[in-house]
Amino acid sequence: MDVKKERLIRAGLIAGLVAVLLGLGLGSSTIKVRVTVDNALVKATPGIFGRNLTTVPLDSVLDAEPLQGEWYKVTLTKDGVQIAGYIHEMLVRELTETEAQQTLSPSGRVRSQAEIVAEIEIKMEEDKKLILQESEWDKAANDLMPLIAKAFNIDDRQKQKQIACELYLWIGLARANKGDNNEALKEFKNMFDVDYVYGKEITKNNSDPSVSGLIEHAEKLSKGLLVEYSLQITTKPKEAVLKINGKQIGMSPEVYRSTVPKFTLDIEKEGYKSIKEDLFLVQAMTVKDYALESIGRILAVSSFPKGAKVFVDGKDSGKLTDCELPFVPYGSHTIKLVRDNYDDWEGPVQIAEGTGPIPLSATLAVNTYVFGQKNGGPELKFFKLPRAIAFDKDGNFFIVDESEVRIKKFDSESRFQPSWGGAGRESRFLKVPAGIAVDGAGNVYVTDAKACCVAKFDKTGKFLKKWGVEGTTSYELSGPTGISIDSSGDIYVADTNNNRVVKYSSDGALKKIWGKQGTRPGEFVLPTALTVGPKNEVLVIDRSCLQKFTPWGESLDSWSKPGTGDGEIRMPMGVCTDSLNYVYIADTGNNRILKFDPNGKLISQWGQPGTGDGQMTGPFGIAVSGKGSVFVVERENQRFQEFRIPEK
């Protein structure tokens with residue numbers, strides 16, 4: 001077949017098919033679009049640089065062909081002349097079939113101008129009542145929106161603009177009453193864009209301040225007067241983190257400037273509830289003050305000594321005592337303090353609602369001691385068989401010994417005082433001194449294990465009196481060793497061979513006896529030492545354990561047991577307490593020192609057999625100085641050693 005003839009036949013078939021489709025209504029269709037901006041441009045050709053044909057007002061409804069690329073082909077009549085041109089998709093919105101039908105009467109005929117106006121006004125009155133009754137705001141606004149398209153089909157230009165203005169006003173009021181200020185502002189601006197003068201007229205009597213602000217704002221936007229918004233943000237307390245739409249802008253107080261009136265503000269500060277607020281600015285300058293709600297309080301943590309790390313609920317706070325933790329949340333927490341050479345301190349704290357810092361103070365227990373000094377030793381023969389040590393209130397200390405000078409005095413700097421009251425002459429009153437104690441007046445009391453008595457000297461070393469003889473009756477003693485004095489001046493003696501404790505007045509009058517041989521609470525197996533703590537609790541050590549009593553012999557507690565393991569004891573001969581009520585035991589059989597907290601928890605232990613610095617052989621007496629140093633008297637090594645708290 002001839003190629004030219006074939007092409008003609010093909011073209012004829014295509015043309016016939018198109019004709020059929022057009023006849024069936026499938027080739028093209030007409031839609032309606034509503035103009036969404038005022039003075040929208042209609043171009044002669046589809047393109048940004050196409051020649052301008054005319055402009056159409058906001059909300060005009062136009063006949064159009066389906067979208068071609070970014071352009072609609074529209075037809076309109078202006079001043080009696082039909083115009084066909086192109087309008088950009090960004091300037092119009094396609095109407096639904098329902099919205100398009102609302103421009104026609106129920107019968108499908110084109111309605112008269114009077115009918116259109118009447119229908120709009122009747123429906124508008126119905127929805128105005130809903131808005132004034134403060135009910136069904138969404139329904140009212142949704143009913144009014146389609147009426148705008150109808151209003152722009154009114155030929156009377158003045159009437160058209162007035163009705164459109166009123167519709168925009170009432171839609172804006174519905175949005176504002178619902179709290180949607182952004183949408184309300186848009187509707188009020190549309191009102192002024194349609195007819196500024198009439199918009200001013202119908203809003204002049206508005207009495208709602210919040211709505212007035214929106215209308216005023218919309219008026220400025222319509223006139224192009226408002227180009228920047230400023231928001232001044234202050235918080236109490238200050239220095240809260242401020243974020244706009246999730247991005248940090250600074251710390252309060254702060255002034256934020258924006259060309260957009262709507263955004264989200266976040267306020268965050270440690271220890272306070274966060275604030276999140278959606279803001280819509282209606283004025284050029286807006287001031288917002290926020291009082292932050294606390295979710296915790298300041299915790300002021302102090303310790304003795306200072307410099308401990310502070311942990312809250314197991315988390316390192318990054319601070320050292322003494323310090324303030326800015327905000328600890330309300331409720332129960334666990335505080336832990338950690339410092340080198342000291343036992344960890346841990347305790348609960350309750351953070352209750354209120355104002356001002358909550359104080360928390362802790363005293364740390366030393367768990368590490370270092371060798372400080374020594375005095376004596378077998379080669380010096382200064383001591384013969386030293387057994388016990390005691391401090392007076394001025395820091396002087398006394399050691400009892402079986403040498404010619406039974407009582408040796410040292411000053412607070414550990415310097416020997418050889419002429420202490422003629423103790424050598426008074427040694428005839430002491431055969432085997434075993435324990436020593438000093439009262440608040442400086443009087444010195446010494447137990448004699450062989451003479452089975454208690455001897456009293458004044459602070460110059462002058463002999464005053466003695467009491468007790470060997471025996472088992474109430475007024476007799478058998479091998480007494482440890483001795484201690486309470487805050488009232490009463491004297492307690494470990495009556496070793498009688499397995500009991502005897503309490504005397506400062507003049508030797510018998511006041512109380514308790515204990516017998518045995519291993520049950522209140523019973524003893526050769527009690528060798530005792531001490532009275534700062535709370536007037538009497539602690540007694542024997543071969544099996546340490547027991548705690550009231551000043552009248554009522555059992556309070558006991559701990560430790562015989563053995564060589566951690567915290568266990570073997571033939572202990574000395575015990576003392578410090579000002580914080582911590583307990584120290586001279587664990588003679590294990591050649592070491594044990595330190596316990598007031599509840600019996602092992603804090604520290606140190607020492608090993610030997611004659612070197614820090615080593616021990618036969619530690620008997622033990623006492624703690626006012627500076628916290630531990631002094632240990634070693635019977636076998638014939639010396640005393642001082643163990644100090646590390647400086648760091």
Open item on the list: Evaluate L231 against V255 for side chain to side chain contact (heavy atoms under 4.5 Å, CB included), listing each step before the verdict.
Closed with: CA-CA 6 Å; L231 174 64; V255 175; over 6 Å; no
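- For K161 and Y198, the positive end is not near the middle of the six-membered ring at less than 6.0 Å and at most 45° from its axis.
- Separating the CG atom in L62 from the OG1 atom in T30 is a distance of 12.5 Å, to the nearest 0.5 Å.
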TODO: Apply ring pair (Phe, Tyr, Trp, His ring centres under 6.0 Å) to the pair F188 and Y168, showing each step before the final yes or no.
DONE: CA-CA 6 Å; F188 293 146; Y168 281 127; 10.0 Å; no
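- With Q605 contributing its side chain and G567 its backbone, the two residues share a donor-acceptor pair below 3.5 Å.
- In this structure a side-chain-to-backbone donor-acceptor pair under 3.5 Å is missing from D63 to K32.
- Side-chain contact check for I335 versus V310: some heavy-atom pair is nearer than 4.5 Å.
- Atoms CG and CG, from N39 and L58 in turn, are 9.0 Å apart once rounded to the nearest 0.5 Å.
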Task: Candidate pair R51 and T45, rule side chain to side chain contact (heavy atoms under 4.5 Å, CB included), full reasoning - done: CA-CA 7 Å; R51 179 170 57 87; T45 57; over 6 Å; no
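- For the atom pair C165 SG and Q160 CD, the distance stands at 10.5 Å (nearest 0.5 Å).
- Under a 4.0 Å N-O distance rule, the pair K236/D289 does not qualify as a salt bridge.
- At least one donor-acceptor pair under 3.5 Å links the side chain of N245 to the backbone N or O of T264.
- With hydrogens and angles ignored, the 3.5 Å screen pairs no side-chain donor or acceptor of T77 with any backbone N or O of Q82.
- A perpendicular orientation is assigned to the rings of Y256 and F263, their planes being inclined by more than 60° (bins at 30° and 60°).
- Between D180 and R175 there is no salt bridge, since no side-chain nitrogen of the basic residue lies less than 4.0 Å from a carboxylate oxygen of the acidic one.
- For E201 and K204, the salt-bridge test passes: some basic side-chain N is under 4.0 Å from an acidic carboxylate O.
- You'll find the side chain of M191 stays beyond 4.5 Å of the side chain of Y196, heavy atoms only.
- Nearest heavy atoms, P326 versus I298: O-CG1, 2.9 Å.
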TODO: Could you check D195 against Q162 for side-chain hydrogen bond (donor to acceptor under 3.5 Å, both in side chains), going step by step and ending with a plain yes or no?
DONE: CA-CA 7 Å; D195 192 323; Q162 289 178 353; 6.0 Å; no
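- Ion pairing of K159 with E121 is present here, as a side-chain N (NZ or NE/NH1/NH2) and a carboxylate O approach within less than 4.0 Å.
- Checking side-chain atoms of T36 against main-chain N and O of L91 turns up a donor-acceptor pair under 3.5 Å.
- Not a single donor-acceptor pair under 3.5 Å links the side chain of R297 to the backbone N or O of P329.
- The nearest pair of heavy atoms linking N341 to P646 is ND2-CB, 3.3 Å.
- Looking at heavy atoms from C-beta onward, Y72 lies in side-chain contact with I31 at the 4.5 angstrom threshold.
- In this structure, E647 has no salt bridge (charged side-chain N to carboxylate O under 4.0 Å, His left out) partners at least two apart in sequence or on a different chain.
- Put simply, the side chain of H217 gets close to the backbone of L281: a donor and an acceptor are under 3.5 Å apart.
- Salt bridge present: K601 and D343 bring a charged side-chain N and a carboxylate O closer than 4.0 Å.
- Across all their heavy atoms, A218 and L185 have their closest contact at N-CD1, 3.4 Å.
- In this structure, the side chain of D313 engages the main chain of T334 through a donor-acceptor pair within 3.5 Å.
- Using a 4.5 Å heavy-atom threshold, the side chains of H333 and I351 count as touching.
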Open item on the list: Apply salt bridge (Lys or Arg N to Asp or Glu O under 4.0 Å) to residues K178 and D138 and explain how you reach the verdict.
Closed with: CA-CA 8 Å; K178 188 184 175 184; D138 280 336; 2.9 Å; yes
Task: Criterion side-chain hydrogen bond (donor to acceptor under 3.5 Å, both in side chains) on K189 and S222, from CA distance to verdict - done: CA-CA 6 Å; K189 180 180 179 296; S222 179; 5.6 Å; no
Task: Worked check of side chain to side chain contact (heavy atoms under 4.5 Å, CB included) between I87 and L41 - done: CA-CA 7 Å; I87 192 166; L41 286 170; over 6 Å; no
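- Of the possible donor and acceptor atoms, none in the side chain of T321 sits under 3.5 Å from a partner among the backbone N and O of S302.
- No side-chain donor-acceptor contact under 3.5 Å links K150 to the backbone of V117.
- By the 6.0 Å contact criterion, CD on Q248 is enclosed, its count of non-hydrogen atoms from other residues, nucleotides or ligands being greater than 12.
- Between E70 and M90, the closest side-chain pair of non-hydrogen atoms is not below 4.5 Å.
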TODO: Dump the intermediate steps for salt bridge (Lys or Arg N to Asp or Glu O under 4.0 Å) on E219 and K200, then the final yes or no.
DONE: CA-CA 9 Å; E219 180 185 351; K200 288 286 289 182; 3.4 Å; yes
- [ ] Just do the side-chain hydrogen bond (donor to acceptor under 3.5 Å, both in side chains) check on Q350 and Y330 with the steps written out, would you?
- [x] CA-CA 8 Å; Q350 183 70 29; Y330 295 133; over 6 Å; no
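- Looking at heavy atoms from C-beta onward, I171 lies in side-chain contact with I148 at the 4.5 angstrom threshold.
- For the atom pair S60 OG and K78 NZ, the distance stands at 8.5 Å (nearest 0.5 Å).
- Salt bridge K319/E324: absent, no basic N to carboxylate O contact under 4.0 Å.
- The environment of NZ in K129 is sparse: at most 12 heavy-atom neighbours from other residues, nucleotides or ligands sit within 6.0 Å.
- Considering all non-hydrogen atoms of both residues, V194 and A164 come closest at CG1-CB, 4.1 Å.
- Here the straight-line distance linking atom CG of L337 with atom OG1 of T363 works out to 10.5 Å at 0.5 Å rounding.
- Counting heavy atoms from C-beta on, the side chains of L53 and K43 never come closer than 4.5 Å.
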TODO: Kindly indicate, with the supporting measurements, whether the criterion side chain to side chain contact (heavy atoms under 4.5 Å, CB included) is fulfilled by S317 and L325.
DONE: CA-CA 8 Å; S317 70; L325 304 182; 3.7 Å; yes
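- To the nearest 0.5 Å, atom CD1 of residue I249 and atom CZ of residue R257 are 11.0 Å apart.
- The environment of NZ in K128 is crowded: more than 12 heavy-atom neighbours from other residues, nucleotides or ligands sit within 6.0 Å.
- Between L320 and C323, the shortest heavy-atom distance links the atoms O-CB, 3.1 Å.
- When every heavy atom of Y272 is checked against every heavy atom of P237, the shortest pair comes out as OH-CG, 3.3 Å.
- No side-chain heavy atom of R339 sits under 4.5 Å from any side-chain heavy atom of S303.
- Using a 4.0 Å cut-off between a side-chain N of Lys or Arg and a carboxylate O of Asp or Glu, K123 and D143 qualify as a salt bridge.
- Atom NZ of K269 is surrounded by more than 12 heavy atoms from other residues, nucleotides or ligands within 6.0 Å.
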